[in-house]
Amino acid sequence: MTDTPAFRPDARSPRGFQDRRARDLRAERTLLARVSAVYEAHGFEALDTSAFEYADALGKFLPDSDRPNAGVFAVLDDDEQWMALRYDLTAPLARFAAQHWETLPKPFRRYAFGPVWRNEKPGPGRFREFIQCDADTVGSARPEADAEIIAMAVAGLEAAGLARGAAALKINNRKLLNGLLEATGVTAAGQKLAVLRAVDKLDRLGPDGVRLLLGEGRKDESGAFTKGAGLQAAAAEAVLQFVAAGGGSRSETLDRIAGVIGGSAEGDAGLEDLARIDAALTGLGVADDQAMFEPSIVRGLEYYTGAVFEAEILLDTLDERGERVRFGSIGGGGRYDDLVARFTGEPVPATGFSFGVSRLAAALRAAGQAAADAVRGPVVVIVFDGAHMPQYFQVAGELRAAGIAAEVYLGTSGMKAQMKYADRRLSPAVIMLGGDEIAAGTVTIKDLDLGRSLAAGVQDNETWRAARPGQATLPRGEMIPFVQRILKG
RNA sequence: GCCGCCUUAGCUCAGUUGGUUAGAGCGCCAGAUUGUGGCUCUGGAGGUCCUCAGUUCGAACCUGAGAGGUGGUACCA
């Protein structure tokens, strides 16, 4: 070699990306299968679209030509067009629906799951690549379409394994706050946005913090100042009264909201929508503790046009250190009536919901609802002598043919290391086929599960090895039933 | 994006008022135990002390910049 040291890259994951091993993948796949089944049972068809979209199809948010990678991961194709990795599953759906609108059955109902990517600062529980599972109805303006999406989300939470009471859907409608602001004379778009942002912080800052943000602004503990919406005191109090109207049954909440916002045309339309959602939910068998109206729910700022919903974990869970974790939102959605119109010029009403699959899986784990067992390894065929490899593979093949996961040890270490390997893989058993067994036409099978349970009581290695717990030598023909008995426990 | 804190072995962390070969526990590898996982004992491997620049006779330690992480805040399709 040369004097210059070889370049050695750091073996590390890219920032905000993560590796997922068997245990996580299994939980995730189970989750996707169960939620997909719920969606299909409601008549939604599967759809998969590409990871990349042309950047202009992704939405008005970003990227712009000066900063193509702000928010998304974008590359310039060789025909000078910007392509970007999708940041959610809704924008690709809008593109797909617009592209095939003429031939689709309408309303078009589809579900989709897969990774999405966001080029932004990662944090704990917040990655730049994550899995979403999404269901949308495109082409129906009926509030019942919203109600059905909500009911499916509720069913999805339960199918995922979250017991009733562990999670709930909170529902709001943009029209309500719009109507309220209209009635109080707030019309500037910027001011409306600022009000939404302030309301969104209710759970963190409380009514007093929100009151400051609705008015002149708020200085936080670090001394940073956030400019407020600049509302008059009376208007601010009306907003606060509105966001405090949650609690109790859906119809109780509706009555309270009506008392606060009554008057404007848009507000009344929002109330009418919610009343119909309530009626449909009741018909769908969704109870008041599973889905409730919550006026402080905001979601995205410019995207949603009517109903908005958010799935929240209600349990207080503890992390490994015993500290309290609040998961908050594990999914959300709402009505977006302008998305497809970006492509076609024709308004198409749509509504949908998206689970954050990784967050849901993490929440399930923390709630102790997920099967957190480690993944079992295969039956391991021990290699005594390289000359007998064909025999070992034959044995592994017999096990596989019987539906038992099996592998021949492919390292070069000795017996002890092979046992350790099987133990670490959490294998149920090892098959030993040394010269003695081959000569006698037998196999030796060792039940590792039994050994694992007995090991705790054994004091010295001498005894442990002499006892050879769960080990039996028997004719080749009796191998499969013996292993099957071990697998059954 | 802005503000604070942190960064020493695979992991969790000690350490040094700036001074020769940087430590522990756990984990990993091997032996005691030629065909047997745990326990015990013995031995071993593993470090650009985050990076770069500066101060100094001398920097893992002091200073500055940067990167990564983390907490808060802002934004969030």
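Only heavy atoms go into these numbers, but all of them, side chains included; no hydrogens, no water, no symmetry mates. Throughout, a chain's letter reflects where its sequence line sits, starting with A, and its residues are numbered from 1.
To the nearest whole angstrom, the two C1' atoms, one in B:A14 and one in B:U51, are 24 Å apart. When the C1' atom is compared between B:U21 and B:G10, the two are found 24 Å apart, to the nearest whole Å. When the P atom is compared between B:G46 and B:G38, the two are found 24 Å apart, to the nearest whole Å. Using C1' as the reference atom, B:C28 and B:U12 are 16 Å apart when rounded to the nearest Å. With C1' as the reference atom, B:U63 and B:U20 are 26 Å apart, rounded to whole Å. If you take atom P in B:U8 and the same atom in B:G47, they sit 15 Å apart, rounded to whole Å.
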| Could you write out RNA chain B as a dot-bracket string, with dots for unpaired bases, | for bases paired across to another strand, and Watson-Crick or G-U pairs counted at under 3.5 Å? | (((((((..((((.....[...)))).(((((.......))))).....(((((..]....))))))))))))....

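Applying the salt bridge (Lys or Arg N to Asp or Glu O under 4.0 Å) criterion to A:D423, with sequence neighbours excluded, gives A:R452. Partners of A:F393 by side-chain contact (heavy atoms from CB on, under 4.5 Å), not counting sequence neighbours, listed by chain and number: A:M389, A:V408, A:L410. Residues satisfying the side chain to side chain donor-acceptor pair (under 3.5 Å) test with A:T137, not counting sequence neighbours, are A:R109. Judged as a side-chain contact (heavy atoms from CB on, under 4.5 Å), and not counting sequence neighbours, the contacts of A:K170 are A:M292, A:E294, A:I297, A:E312. Partners of A:E310 under the salt bridge (Lys or Arg N to Asp or Glu O under 4.0 Å) rule, at least two apart in sequence or in another chain, are A:R299.
Sequence neighbours left out, the pairs with a member in residues 331-353 of chain A that pass ring-ring contact (aromatic ring centres under 6.0 Å, His included) are A:Y303-A:Y336, A:F353-A:F355. Screening residues 421-458 of chain A for ring-ring contact (aromatic ring centres under 6.0 Å, His included), with sequence neighbours left out, gives A:Y409-A:Y421.
When the C1' atom of B:C76 is taken as reference, atom CG of A:D200 falls 10 Å away, rounded to whole Å. Atoms OH (A:Y409) and P (B:U36) sit 15 Å apart, rounded to a whole Å. The distance between atom CZ of A:R218 and atom P of B:C75, rounded to the nearest whole Å, is 11 Å. Taking atom CZ of A:R342 as the reference point, atom P of B:A77 lies 15 Å away to the nearest angstrom. Per the geometry, CZ belonging to A:R299 stands 16 Å off P belonging to B:C75, to the nearest Å. With rounding to whole Å, A:I431 atom CD1 is found 17 Å from B:G37 atom P. Rounded to a whole Å, the CG atom of A:D385 is 14 Å from the C1' atom of B:U34.
At a cut-off of 3.5 angstrom, counting only N and O atoms as typed in the model, there is a donor on one side and an acceptor on the other between the side-chain of A:R126 and the base of B:C76. Scanning atom types as modelled, no donor and acceptor separated by under 3.5 angstrom connect the side chain of A:R465 and the base of B:U36. Donor-acceptor pairing under 3.5 Å, judged by distance alone, is absent between the side chain of A:Q471 and the base of B:G35.
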| task | Kindly indicate, with the supporting measurements, whether the criterion side chain to side chain contact (heavy atoms under 4.5 Å, CB included) is fulfilled by A:L196 and A:R174. | result | CA-CA 9 Å; A:L196 286 175; A:R174 277 299 164 71; 4.1 Å; yes

| Going through the distances and angles, do A:V348 and A:D338 end up as a side chain to side chain contact (heavy atoms under 4.5 Å, CB included)? | CA-CA 7 Å; A:V348 177; A:D338 300 329; over 6 Å; no

| query | ring pair (Phe, Tyr, Trp, His ring centres under 6.0 Å) between A:F384 and A:H388: does it pass, once the steps are laid out? | reply | CA-CA 8 Å; A:F384 283 88; A:H388 293 144; 9.0 Å; no

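The side chain of A:K201 contributes an N or O atom lying less than 4.0 Å from OP1 or OP2 of B:C75. Close to B:C76, at under 4.0 Å from its OP1 or OP2, lies a side-chain N or O of A:R197. At the phosphate of B:C2, neither OP1 nor OP2 sits under 4.0 Å from any side-chain N or O atom of A:K121.
The minimum heavy-atom distance between A:L25 and A:R20, with the atom names listed, is CD1-O, 3.6 Å.
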For nucleotides 67-69 of chain B, give me every protein contact, N/O to N/O, under 3.5 Å, one pair per line with atom names.
unit_1 : atom_1 : unit_2 : atom_2 : d
B:G68  : OP1    : A:R15  : NE     : 3.4
B:G69  : OP2    : A:R15  : NH1    : 3.3

Between the protein and nucleotides 25-27 of chain B, which nitrogen or oxygen pairs come in under 3.5 angstrom?
none

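Within the 4.5 Å cutoff, no side-chain heavy atoms of A:V375 are placed close to those of A:L426. With a 4.5 Å cut-off on side-chain heavy atoms, A:R118 and A:R128 do not count as touching.
In this structure, A:R204 reaches the sugar-phosphate backbone alone: every heavy-atom distance under 4.0 Å involves primed, P, OP1 or OP2 atoms, never a base. Within the nucleic acid shown, A:K446 comes within 4.0 Å of at least one base atom, counting heavy atoms only. Counting any heavy atom pair closer than 4.0 Å across all strands shown, A:Q132 reaches no nucleic acid atom.
Remark: A:R335 engages A:D337 in a salt bridge, criterion side-chain N to carboxylate O under 4.0 Å.
For the contact set between residues 411-418 of chain A and RNA chain B, defined by any heavy atom under 4.0 Å, the members are A:M415, A:K416.
No more than 12 heavy-atom neighbours from other residues, nucleotides or ligands sit within 6.0 angstrom of CD on A:E216.
For A:R468, counting side-chain heavy atoms from C-beta on, the closest listed nucleotide (B:A77, B:G38, B:G35) is B:G35.
Heavy-atom nearest nucleotides on RNA chain B were determined for A:A455 and for A:L433, and the one closer to the 5' end corresponds to A:L433.
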Using atom types as modelled, flag every donor-acceptor pair under 3.5 Å from a side chain in residues 47-54 of chain A to any protein atom, sequence neighbours excluded.
unit_1 : atom_1 : unit_2 : atom_2 : d
A:S50  : OG     : A:F52  : O      : 2.7
A:E53  : OE1    : A:R95  : NH1    : 3.1
A:E53  : OE2    : A:R95  : NH1    : 2.6

